[in-house]
Amino acid sequence: MAEQQDYEYAMRHSLAHIMATAIQDLWPGVKLGVGPVIENGFYYDVDLGDEKISDEDFPRIESRMQEIIASAQPFERFEMPVAEAVEWAKQYGQPYKEELLNDLQREGTTIAKDLDADTLGVAVDGDSKVENVSFYRNGDFTDLCRGPHVEATNKVGAFKIMRVAGAYWRGKDTNPQMQRVYGVAFATPKELRQYLDMLEEAKKRDHRKLGQELDIFVFSDLVGQGLPLWTPRGTVLKNQLDAFVQELREAVGFQQVSIPHITKKDLYETSGHWAKFKDELFRITTREGHEFAMKPMNCPHHTQIYASQPRSYRDLPVRYRDSTMVYRDEQSGELGGLSRVRGITQDDAHVFCRTSQVEEESFKLWDVIETFYRGCGFTELKYRLSTHDPDNMAGYAGDADKWESTVAQLENILKSKVGDNYFVGVGEAAFYGPKIDFMARDAIGREHQVATIQLDFNQPEGFDLTCTNEQGDPERIVMLHCAVMGSHERFLSVYIEHTAGKFPVWCAPEQIRLLSVNQESDTIAHVAQLQEQGRALGLRVGVDNSNESVGKKIRAAELWKVPYTLVIGEKEVQGGELTPRIRKDLVVDETSARSYTAEEFLKTVANEAKTRVNKTSL
Ligand SMILES: [Zn+2]
Ligand SMILES: [Zn+2]
């Protein structure tokens, strides 16, 4: 496994060089930025001056790359002193490389630290003076690079150039704009094909497209970017999912609370959010000149409910839950569909407990998360222990010792739940504490970070939260933060694509659709009566009495991905049994189709909705 990953890394990185070689052959004056490996592929930042690479250039870049690959040029490594390397960059007409090397020479490091390790010829750590940098050469092409590379150009896997986008040099919009050419690469052509097929499928499932087709959410220019509006259908879906979470929480002792959406600055100064999220806060100045902010998080408010009365150890854990919106001023360029929004509905929950209760409480939260994701048809979860970065504590609240001990606490929880079946994400913690992140694999194999359990010892310090212990002394408590869906918006962006809009009966906006075969009054009356009967059982029953042909109406119900469709004609009006059309993905056994009395059918569906099954029992 590790070997495979090493090979993929080296081969993707080698392809970045090969692509740069090809681009240099085709556009000899090209100025090169950086060309790192990314998930599933690689990119290279290039500056062609007045010329631009477009999609139409991809075939010739690819065929030039194929020639370079076929010629089996070896990748040769060599080193030179930094000062010499600066001269090399000058001679070679590579101002971007020159800049990086100059930074390196001057500071011992470059400012774009994240880029360096992979793109420079050195390991850049802290302020150690760098002496030599390494280069790799293939054919006529030489690049500043740490490697590793495959032996020769013909040792790479299958690749494809995917797209080109604008990218500012070093990510700063005051810097020149370059072009970032992206490629994907896999060890075998088969893996590449599978990946490209997956992308095709993902396009069909794109939640922005389905959200519109299935009338789930809309955006309005007047309301603003990143502020989705939920239609009646979308609201049903969202509320059903939330109700599931809340029911599970209710069962383990959470109480619902409600809080206002704006707050004095003071709260966030105490919590640390003011300093941390300054630029992301929507601020409000009152007519009296007081500074308020739209809440970017709910925890500080919840601490104030906890702190509103004296707490004994006997009262703990205190558990609050509330699905409510928080607001973050994301940059408009980063907003997209439901994945990144400015109004974020969190299914938030906080546990206030003693340190000794952390484990038991985490297990409860863990079970809520597992039950929810299984119920939504995510069969595979992965677990990440997200820790602080001991080498770079600047972004974190609290001292390192405290971090070590809380990380160890979460580690124990993971170990007893899943053994070694988790991985560690160094530097992935929240600023106030480490967390366990849950990742779900969707129907087309993509992984998404979903739920979290976070252990927080900092806000209880900041807000001086205590309970009275057995000896009558105040004891510092800790907080657990746990969002199951994370946010409604983000979860739905994943869930819509996971299901391709084919929601199970329990959360489908329209569970049953009744189609009249004609417009006769007794047919219409029968349809209305069935709809009533269904509603009385809590079912969401739609009706199509339009003048269209039955075939067309069936097709329409299919497009809306309605789980059950009933065609109501003379036979049904006369009291004949109903033969439901069942959406294909719900069917377990295709031979089991039969007819039911109206009561039998409706009760069965109502029971499916109540028990939240993902398949039909009809
Ligand atoms: Zn390289
Ligand atoms: Zn929180």
Side-chain angles (χ1 to χ4, degrees), residues 9-21 32-38 42-45 73-79 97 100 115-123 133-138 141-153 155-156 183 185 254 257 259 267-268 271-273 276-277 295-306 318-326 328 344-353 361 365 397 429-435 451-460 462-463 465 478-487:
Y9 185 91
M11 146 318 251
R12 284 171 180 152
H13 188 57
S14 301
L15 276 161
H17 280 228
I18 293 169
M19 184 170 75
T21 312
L32 297 167
V34 293
V37 172
I38 51 172
F42 58 93
Y43 69 73
Y44 218 112
D45 284 348
Q73 302 167 356
F75 281 102
E76 292 166 302
R77 185 181 187 280
F78 62 93
E79 288 188 9
K97 303 278 181 196
L100 292 176
L115 298 174
D116 299 341
D118 292 334
T119 54
L120 285 181
V122 289
V133 287
S134 62
F135 286 80
Y136 276 83
R137 179 166 48 212
N138 61 286
F141 181 79
T142 302
D143 201 358
L144 177 63
C145 170
R146 185 164 82 152
H149 280 279
V150 292
E151 257 163 72
T153 54
K155 302 286 186 205
V156 296
F254 278 86
V257 293
I259 56 176
L267 182 73
Y268 298 127
S271 69
H273 290 103
K276 184 77 191 170
F277 288 119
K295 66 178 158 84
M297 276 196 162
N298 306 308
C299 358
H301 285 82
H302 288 184
T303 67
Q304 296 311 290
I305 305 177
Y306 177 87
V318 168
R319 309 179 188 92
Y320 297 146
R321 64 176 174 87
D322 186 19
S323 282
T324 177
M325 203 170 269
V326 298
R328 293 179 196 166
I344 306 154
T345 320
Q346 289 184 331
D347 60 324
D348 216 352
H350 296 105
V351 179
F352 299 85
C353 66
E361 288 305 302
L365 296 170
F431 78 91
Y432 47 74
K435 51 188 181 140
T452 56
I453 301 173
Q454 312 185 1
L455 178 51
D456 178 5
F457 52 92
N458 272 303
Q459 290 192 67
F463 288 108
L465 304 181
V478 294
M479 275 173 88
L480 288 168
H481 308 247
C482 176
V484 176
M485 280 190 265
S487 82

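Start at 1 with the first residue, then count along the sequence. In each ligand, atom 1 is the first atom listed, and ligand 1 is the first ligand listed. Note that the coordinates shown come from a computational prediction; the quantities given were computed from them, not determined experimentally.
Within His13, the N, O or S atom at minimum distance from the Zn ion (ligand 1) carries the name NE2.
Of all protein N/O/S atoms, those under 2.8 Å from the Zn ion (ligand 2) are Cys299 SG, His350 NE2, His481 ND1, and waters are not counted.
Scanning for salt bridge (Lys or Arg N to Asp or Glu O under 4.0 Å) contacts around Asp45 gives Arg180, with sequence neighbours left out. Shown here are the salt bridge (Lys or Arg N to Asp or Glu O under 4.0 Å) partners of Lys295, two or more places apart in sequence or in another chain: there are none. Annotation: salt bridge (Lys or Arg N to Asp or Glu O under 4.0 Å) contacts of Glu151 (sequence neighbours excluded): none.
Phe352 and Tyr320 have their aromatic ring centers within a separation under 6.0 angstrom. You'll find the ring centres of His13 and Tyr44 outside the 6.0 Å limit.
Under 3.5 Å, the side chains of Glu76 and Asn138 contain no donor-acceptor pair of N or O atoms.
Using cut-offs of 30° and 60° on the angle between ring planes, the pair Phe135 and Phe78 is parallel.
Between the NE2 atom of His149 and the NE2 atom of His17, the angle centred on the Zn ion (ligand 1) amounts to 90° when rounded to 10°.
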